[in-house]
Amino acid sequence: MRVIVVGAGIGGLAIAVGLRQAGVDVQLLERADRVRAHGSGLSLFGNGFRALDAIGIGDQVRAAAGPAGVVDRSGTRRPDGSWLTRMASTHDVRVIDRADLYRILLAAVPAGSIRAGARVVEVGDTSVVLDTGEHRSADVIVGADGLRSAVRSSAFDDPGVRDSGYGAWRAITTRPVATDAAGESVGRGERFGIAPLADGRIYWFACVSASLGRCAGGLDEVACRFGHWHPPIEEILDATDPASVSSLPIEELAAPLASFVSGRRVLIGDAAHAMTPNLGQGANLAIEDAATLATLLVAAKHGDEVPAVLARYDTLRRGRAQRIARQARALGAVMQASHPVTSTLRDLAMRWVPARVVDSRVRAVTRWSPPTP
Ligand SMILES: Cc1cc2nc3c(=O)[nH]c(=O)nc-3n(C[C@H](O)[C@H](O)[C@H](O)COP(=O)(O)OP(=O)(O)OC[C@H]3O[C@@H](n4cnc5c(N)ncnc54)[C@H](O)[C@@H]3O)c2cc1C
C-alpha cells in the first residue's frame, strides 16, 4: 500500500513514523524548505503518550520531557497569586520543548520519505498536484496540513477558520526560573500560563482578549501587561529572550466537519479539528489520530479494504475530537471574560469548584487508549 501524507507537522510526522515502522510505503510532502518546529513548548498528557507508545517512540519522548509532576501545585490563580482552583499533581502531564519532539519524530522517519519544498495545491481522490505541476498518486491521501488545510479545502465541505476573539504570546525562558507551581492566572480578559520544563526552564504563554487590543507588540508589551502580576511572572519575562517571543491570533475550525473522510482522502490533526489551545490537546489529539489511522491501515491486508478502514477511523475519531474542541472553546470564553461582572462571577464560581471535579474533567479528556486493529 502507498500513502501520501500532506504536511510534516506533529500529526504528519507521527503517522509517517507509525506507517514506516510497519513497512508501509509513505511519502511526506511538506511545503516549507525544511521541516522544523513552530511554537515553543507543548504540554503532553497521558493520552498523547499512549499514542506515542503505539507508534513506538513514547519512551524516547518521556526521556526528553523528563518526569511528570515537576512542581508541587497546579491550578488557576488570580493576578495576586491567590488560588481559585487546584488540580491533583497525579495527572501524567509533561512539558516538552517542541524542537525536542520534532527531533525524535524526524529521527524515526527515514529521510528519504520526506520531501520538503513540496506545496500541494490540488487533491484528487488518489492523487495530489504540487505547485510545480507534478502529479503523485497513492492508495490513500492523508491531509495533515494544519489549520488552513489544502486537502480540506479541495476535497471537503470546508467551513473555514474562525477567530476566537483573543490572541497569545508564547516563549520558553533561556534559563531556569524557580517555581513550585504551574497553571494559569486569570484577570479581566487577560491570562498568563506557566508550564515548567523538567530542566527548570519555563514555557509560558499570555492571552489577551481582542477588546483590550491586539497582541501586536513583543516582550515589552507582555511585561507591561503582566509584569506586575504575582511572582515569578516578572522573573520569567526577565529570563526570556525578546527574539524568541512569538504572537498569534487564536483561531479554530469555524464549524465541525460532517466527516474526516472523503473517498480515499482522510484528515488528521488541525486539518480535521483545529481547536483553541485551552485544554492543551491539539497536538495530543493529532498524535492520537495518527496512531489510530496507522494501526488501522497497517492491519488492512489489501488496498480494497481502505474504504472500510477510513470509515472506522472516522467513527473512532470524529466524536471525541469535536467534543474536546467544543469544551476548549467554552473554557476559553470563561477564562477570557473581560467584563468586570462576568470575570468576578467566574472567580467566585471557580472558588467553589472542588478539586476532585477539576480532576475528573481532566481525566475525562485524557482517558484514551489506542484501538485494537
Ligand atoms: C498558543 C498555542 C499553544 C498550544 N499548546 C498546545 C499544548 O500545550 N498541547 C497540545 O497538545 N497542543 C497545543 N497546541 C495545538 C498544537 O500546536 C496543534 O494542534 C498541533 O501543532 C497541530 O499539528 P498538525 O500536525 O495537525 O498541524 P501543523 O503543526 O499546523 O502542521 C501542518 C504542516 O503542514 C504543512 N503544510 C500546510 N499546507 C501545506 C501544503 N499545501 N502542502 C504541503 N505542506 C503543507 C505546514 O507547513 C506544516 O508543517 C497549541 C496551539 C497554540 C496556537
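Arg152 is listed as a side-chain neighbour of Leu253, based on a closest heavy-atom distance under 4.5 Å. For the pair Val35 and Tyr102, the minimum side-chain heavy-atom distance is below 4.5 Å. Side-chain contact between Leu42 and Asp97: absent, with no pair of heavy atoms (C-beta onward) separated by less than 4.5 Å. No side-chain heavy atom of Ile202 sits under 4.5 Å from any side-chain heavy atom of Ile172. Counting only heavy atoms from C-beta outward, the side chains of Leu19 and Leu297 approach each other to under 4.5 Å. Using a 4.5 Å cut-off on side-chain heavy atoms (C-beta onward), Arg2 and Val26 make no contact. The side-chain heavy atoms of Pro277 and Ile250, taken from C-beta on, include a pair separated by under 4.5 Å. With contacts defined as side-chain heavy-atom distances shorter than 4.5 Å, the pair Arg20/Ser113 qualifies.
In summary, the side chains of Arg136 and Gln27 do present a donor paired with an acceptor at a separation below 3.5 Å, with no hydrogens or angles considered.
Both Val309 and Val298 sit in one connected hydrophobic cluster of ILVMFWY residues. Membership requires side-chain heavy atoms under 4.5 Å apart, directly or through other members. Note on Ile194 and Trp83: separate hydrophobic clusters, where clusters join Ile, Leu, Val, Met, Phe, Trp and Tyr whose side-chain heavy atoms are under 4.5 Å apart, directly or indirectly. By the criterion of side-chain heavy atoms lying less than 4.5 angstrom apart, applied directly or through intervening Ile, Leu, Val, Met, Phe, Trp or Tyr residues, Leu267 is not grouped with Leu147; the two fall into different hydrophobic clusters. Residues Met87 and Val357 share a hydrophobic cluster, clusters being chains of Ile/Leu/Val/Met/Phe/Trp/Tyr side chains in contact below 4.5 Å. Under the 4.5 Å side-chain heavy-atom criterion for grouping Ile, Leu, Val, Met, Phe, Trp and Tyr, Leu44 is not connected to Phe205 through any hydrophobic cluster.
Applying the side-chain hydrogen bond (donor to acceptor under 3.5 Å, both in side chains) rule to pairs touching residues 191-207 yields Glu184-Arg191, Arg191-Asn278, Arg191-Gln336, Asp199-Arg201, Trp204-Thr240, sequence neighbours excluded. For residues 219-266, every residue pair satisfying the ring-ring contact (aromatic ring centres under 6.0 Å, His included) rule, not counting sequence neighbours, is listed here: Phe192-Phe226, Phe226-Trp229, Phe260-His273.
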Derivation and outcome, side-chain contact (heavy atoms from CB on, under 4.5 Å), residues Ile4 and Val142: CA-CA 6 Å; Ile4 287 179; Val142 179; over 6 Å; no
Step-by-step salt bridge (Lys or Arg N to Asp or Glu O under 4.0 Å) determination, Arg148 to Glu251: CA-CA 10 Å; Arg148 291 187 165 75; Glu251 299 171 311; 3.1 Å; yes
Working for side-chain contact (heavy atoms from CB on, under 4.5 Å), residues Arg351 and Ser82: CA-CA 10 Å; Arg351 277 221 177 89; Ser82 54; 4.2 Å; yes
Full working for salt bridge (Lys or Arg N to Asp or Glu O under 4.0 Å) between Asp59 and Arg62: CA-CA 5 Å; Asp59 284 342; Arg62 280 186 193 90; 3.0 Å; yes
side-chain contact (heavy atoms from CB on, under 4.5 Å) between Arg225 and Val208, intermediate numbers included: CA-CA 9 Å; Arg225 287 182 183 273; Val208 173; 3.7 Å; yes
side-chain contact (heavy atoms from CB on, under 4.5 Å) assessment of His135 paired with Val128: CA-CA 6 Å; His135 287 245; Val128 297; over 6 Å; no
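Looking only at distances, a side-chain donor or acceptor of Arg318 sits under 3.5 Å from a matching main-chain atom of Ala258. A donor-acceptor pair is defined here as one N or O able to donate and one able to accept, closer than 3.5 Å; no such pair exists between the side chain of Tyr313 and the backbone of Val266. Of the possible polar contacts, none joining the Glu252 side chain to the Ala274 backbone as a donor-acceptor pair under 3.5 Å is found. At least one donor-acceptor pair closer than 3.5 Å links the side chain of Arg264 to the backbone N or O of Asp139. A donor-acceptor pair is defined here as one N or O able to donate and one able to accept, closer than 3.5 Å; such a pair exists between the side chain of Thr85 and the backbone of Thr76. Panel note: side chain Arg265, backbone Val140; no donor-acceptor pair is recorded below 3.5 Å. Using modelled atom types, no side-chain atom of Ser338 and backbone atom of Arg188 make a donor-acceptor pair closer than 3.5 Å. Judged purely by atom type and a 3.5 angstrom limit, Ser149 has no side-chain atom pairing as donor or acceptor with the backbone of Asp145.
Atom CG of Leu105 and atom CG of Leu101 lie 4.5 Å apart (nearest 0.5 Å). Atom CG of Leu293 is separated from atom CG of Leu310 by 6.5 Å, given to the nearest 0.5 angstrom. Distance CZ/Arg50 to CG/Asn284: 10.0 Å, rounded to 0.5 Å. Atom OH of Tyr166 and atom SG of Cys207 lie 7.0 Å apart (nearest 0.5 Å). Rounding to the nearest 0.5 Å places OG of Ser137 at 11.5 Å from CG of Asp125. Between the CZ atom of Arg98 and the CD1 atom of Ile10 there is a distance of 5.0 Å, given to the nearest 0.5 Å.
The pair Asp359-Arg356 does not count as a salt bridge, with every side-chain nitrogen at least 4.0 angstrom from each carboxylate oxygen. Using a 4.0 Å cut-off between charged side-chain N and carboxylate O, Asp289 and Arg317 make a salt bridge. Under 4.0 Å is where a charged nitrogen must lie from a carboxylate oxygen, and between Arg175 and Glu235 no such pair does. Salt-bridge formation is detected for the pair Arg320/Glu288: a Lys NZ or Arg NE/NH1/NH2 atom is positioned less than 4.0 Å from an Asp or Glu carboxylate oxygen.
Nearest heavy atoms, Trp169 versus Gly218: NE1-O, 4.0 Å. Minimum heavy-atom separation, Ala286 to Gly269: CB-CA, 3.7 Å. Closest heavy-atom contact between Leu28 and Gly12: CD2-O, 3.9 Å. Taking each heavy atom of Ser43 and Val95 in turn, the nearest pair found is OG-CG2, 4.3 Å. Minimum heavy-atom separation, Trp368 to Thr292: CZ2-OG1, 3.5 Å. When every heavy atom of Ala182 is checked against every heavy atom of Pro196, the shortest pair comes out as CB-CD, 3.6 Å.
Taking the ring axis of Phe49 as reference, the NZ or CZ atom of Arg94 stays within 45° of it and closer than 6.0 Å to the ring centre.
Under the side chain to side chain contact (heavy atoms under 4.5 Å, CB included) rule, Thr173 has a single partner from Asp238, Leu197, Ile236, which is Ile236.
Dense packing is recorded around CG of Asp25, with more than 12 heavy atoms of other residues, nucleotides or ligands lying under 6.0 Å away.
Taking Ile, Leu, Val, Met, Phe, Trp and Tyr as hydrophobic and joining them when side-chain heavy atoms fall under 4.5 Å apart, one finds Val186 in a cluster with Leu84, Met275, Leu279, Leu285, Ile324, Leu331, Met335, Met350, Val365.
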